[in-house]
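Comments concern the structure below.
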Amino acid sequence: MTFSLATWNINSVRLRQDLVLQLMSGQGPDVLCLQECKSPVDKMPLQAFADAGYGHVVARGQKGYNGVAILSKLPVREVGTHDFAALGHARHIAGQLENGVTIHNFYVPAGGDKPDRTINDKFGQKLDYLTEMRDWFRDNRPEKSILVGDLNIAPREDDVWDHKKLLKIVSHTPVEVAHLSDVQTEGGWVDVTRQDIPQGLLYSWWSYRAADWDTADKGRRLDHIWASDDIARSAHSSRILREVRGWDKPSDHAPVFASFDL
């Protein structure tokens, strides 16, 4: 079975419903994972997505904040949700396809502005969230699994526009990168995007603050697709659809794609 998957921080699924539908019609991934939906599940435009062919849904919603959803052309059943770091946030949902593949969709906390937990509670929450992710995947080693989402960390030097300038900026600090690496190591996860695109600058997020984001190109790769090591070699065709960042009233993130032969 071959299926395609995309992950996208949509930054309000109701506000950007038309962009989701545009991606569905233009690219047609079999599974589309959204983060930062900013809506309770019963307020998400699920009927419009069903009409577009995505009638299978597992989701966790929250009014005005967070929220994750897996929209699928293929049957999917919910198999879990976790409130890591006990934040009370809708940041994780897991669904399983009929072929036995489990998809974990994450929205990791951004971490605020200052990379110091002694003065910034949000940064501490981010590190605690990642620590609990690490421990959970260590104790529940994933098999035949895919992890996607806005992990809010650009781990590699070529995942940011300027490594040295961003070393003290939240999302690329050494302590965050180390925490994310621990999650990956303990879970046996493989970074599918970098498996397929091993070299070169690669971004999935560009700040709204840039007057001309495309020309300035000060991006970061915050959005990821990982696979458990038993299926990682079945992944291919990874790409980031940069052009979506330039659509009308866009999210500040672009969708990331991969395909799997399983």
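- Two residues are said to be in side-chain contact when any heavy atoms from C-beta on lie closer than 4.5 Å; Tyr107 and Arg60 fail this criterion.
- Taking the six-membered ring wherever Trp is involved, the centroid distance between the rings of His104 and Phe137 falls below 6.0 Å.
- Contact of the Asn105 side chain with the Leu34 side chain is not registered, since no non-hydrogen atoms from C-beta on lie closer than 4.5 Å.
- Aromatic ring pairs are classed by plane angle as parallel below 30°, tilted from 30° to 60° and perpendicular above 60°; the pair Phe260 and Phe3 is parallel.
- Side-chain heavy atoms closer than 4.5 Å link hydrophobic residues (I, L, V, M, F, W, Y) into clusters, and following such links, possibly through other members, connects Ile93 to Leu74.
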Could you check Trp226 against Val190 for side chain to side chain contact (heavy atoms under 4.5 Å, CB included), going step by step and ending with a plain yes or no? CA-CA 5 Å; Trp226 296 354; Val190 175; over 6 Å; no

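- Within the 3.5 Å criterion, the main-chain N or O of Val177 finds no donor-acceptor partner in the side chain of Ser181.
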Report task. Go through the steps for Ile225 and Phe257 under the test side chain to side chain contact (heavy atoms under 4.5 Å, CB included), then give the verdict. Result -> CA-CA 8 Å; Ile225 298 178; Phe257 288 78; 5.6 Å; no

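- Judged purely by atom type and a 3.5 angstrom limit, Thr173 has no side-chain atom pairing as donor or acceptor with the backbone of Pro115.
- With sequence neighbours excluded, the residues forming a side chain to side chain donor-acceptor pair (under 3.5 Å) with Asp158 are Arg156, Arg194, listed by chain and number.
- By the neighbour-count criterion of 12 heavy atoms within 6.0 Å, atom CD of Glu143 is sparsely surrounded, having that number or fewer from other residues, nucleotides or ligands.
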Problem set entry | Arg221 and Asp191: CA distance, side-chain angles, deciding distance, side chain to side chain contact (heavy atoms under 4.5 Å, CB included) verdict | CA-CA 12 Å; Arg221 187 173 70 102; Asp191 181 345; 2.8 Å; yes

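- Atom CG in Asn66 sits 11.5 Å away from atom CD in Gln35 (nearest 0.5 Å).
- Taking 4.0 Å as the cut-off between side-chain N and carboxylate O, Asp162 and Lys218 do not count as a salt-bridged pair.
- Ile231 and Val76 fall within the same hydrophobic cluster, where Ile, Leu, Val, Met, Phe, Trp and Tyr residues are linked whenever their side-chain heavy atoms come under 4.5 Å apart, directly or through other members.
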Contacts table for residues 94-101: side-chain donor-acceptor under 3.5 angstrom, sequence neighbours left out:
| from | atom 1 | to | atom 2 | distance (Å) |
| --- | --- | --- | --- | --- |
| Gln96 | OE1 | Arg77 | NH2 | 2.8 |
| Gln96 | NE2 | Thr102 | OG1 | 3.1 |
| Asn99 | OD1 | Val101 | N | 3.1 |

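- Ion pairing between Lys249 and Asp18 fails under the 4.0 Å rule for side-chain N and carboxylate O.
- Residues Ile197 and Leu201 do not share a hydrophobic cluster, defined by chaining ILVMFWY side chains whose heavy atoms lie under 4.5 Å apart.
- The side-chain heavy atoms of Gln184 and Leu147, taken from C-beta on, include no pair separated by under 4.5 Å.
- Across all non-hydrogen atoms, the minimal contact from Pro142 to Gly187 is CG-O, 3.1 Å.
- By the 30° and 60° cut-offs, the orientation of the rings of Trp136 relative to Phe84 is perpendicular.
- Val68 and Leu46 fall into different hydrophobic clusters, where Ile, Leu, Val, Met, Phe, Trp and Tyr side chains are chained together by heavy-atom contacts under 4.5 Å.
- Counting heavy atoms from C-beta outward, Ser251 and Leu19 have side chains that stay 4.5 Å or more apart.
- Here the closest heavy-atom approach between residue Arg14 and residue Ser39 is recorded as NE-OG, 3.5 Å.
- Side-chain N or O atoms of His56 include none that pairs as donor or acceptor with a backbone N or O of Ser72 at under 3.5 Å.
- A salt bridge links Asp229 and Arg141; the closest N-O separation between the charged side-chain nitrogens and carboxylate oxygens is under 4.0 Å.
- Put simply, NZ on Lys126 and CG on Asn152 are 5.0 Å apart, with the number rounded to the nearest 0.5 Å.
- In terms of modelled atom types and a separation under 3.5 Å, the side chain of Ser4 and the main chain of Asp30 share a donor-acceptor contact.
- For the side-chain contact (heavy atoms from CB on, under 4.5 Å) with Arg220, the lone residue among Asp159, Ile153, Leu166 that qualifies is Leu166.
- Note on Trp205: it does not cluster hydrophobically with Leu32, by side-chain heavy-atom contacts below 4.5 Å among ILVMFWY residues.
- Heavy atoms of other residues, nucleotides or ligands lying less than 6.0 angstrom from CD of Glu157 number 12 at most.
- Rounded to the nearest 0.5 angstrom, Asn120 CG and Lys122 NZ are separated by 7.5 Å.
- Considering only heavy atoms from C-beta on, Leu5 comes within 4.5 Å of Val148 through its side chain.
- In this structure, OG on Ser234 lies 7.5 Å from CD1 on Ile146, to the nearest 0.5 angstrom.
- Between Phe123 and Asp116, the shortest heavy-atom distance links the atoms CD2-N, 3.6 Å.
- Here Thr185 contributes atom OG1 and Arg134 contributes atom CZ; the two are 10.5 Å apart, rounded to the nearest 0.5 Å.
- With hydrogens and angles ignored, the 3.5 Å screen pairs a side-chain donor or acceptor of Asp83 with a backbone N or O of Leu87.
- Put simply, the side chain of Met44 does not reach to within 4.5 Å of the side chain of Val57, judged on heavy atoms.
- Minimum interatomic distance between Val170 and Ala110 (heavy atoms only, all atoms of both residues): CG1-O, 3.3 Å.
- Applying the 6.0 Å contact sphere to CG of Asp113 captures no more than 12 heavy atoms from other residues, nucleotides or ligands.
- Ring orientation note: the planes of Tyr203 and Trp206 are nearly perpendicular, at an angle over 60° on the 30°/60° scale.
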Check the pair Trp161 / Asp217 against side chain to side chain contact (heavy atoms under 4.5 Å, CB included), numbers first and verdict last.
-> CA-CA 7 Å; Trp161 66 276; Asp217 203 23; over 6 Å; no

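- A donor-acceptor pair is defined here as one N or O able to donate and one able to accept, closer than 3.5 Å; such a pair exists between the side chain of Asp196 and the backbone of Ser238.
- Between the CZ atom in Arg16 and the CH2 atom in Trp8 there is a gap of 8.5 Å [rounded to 0.5 Å].
- Pairing each heavy atom of Ala154 with each of Leu222, the nearest pair is N-CD2, 3.8 Å.
- A donor-acceptor distance shorter than 3.5 angstrom exists from the side chain of Ser228 to the backbone of Lys144, with no hydrogens or angles considered.
- Side-chain contact check for Thr193 versus His224: every heavy-atom pair is 4.5 Å or farther apart.
- When every heavy atom of Leu151 is checked against every heavy atom of Phe106, the shortest pair comes out as CD2-CB, 3.9 Å.
- Taking the six-membered ring where the residue is Trp, His163 and His172 present perpendicular rings, their angle passing 60° and hence far from 30°.
- Taking 4.5 Å as the limit, some side-chain heavy atom of Asn11 sits within range of a side-chain heavy atom of Asp252.
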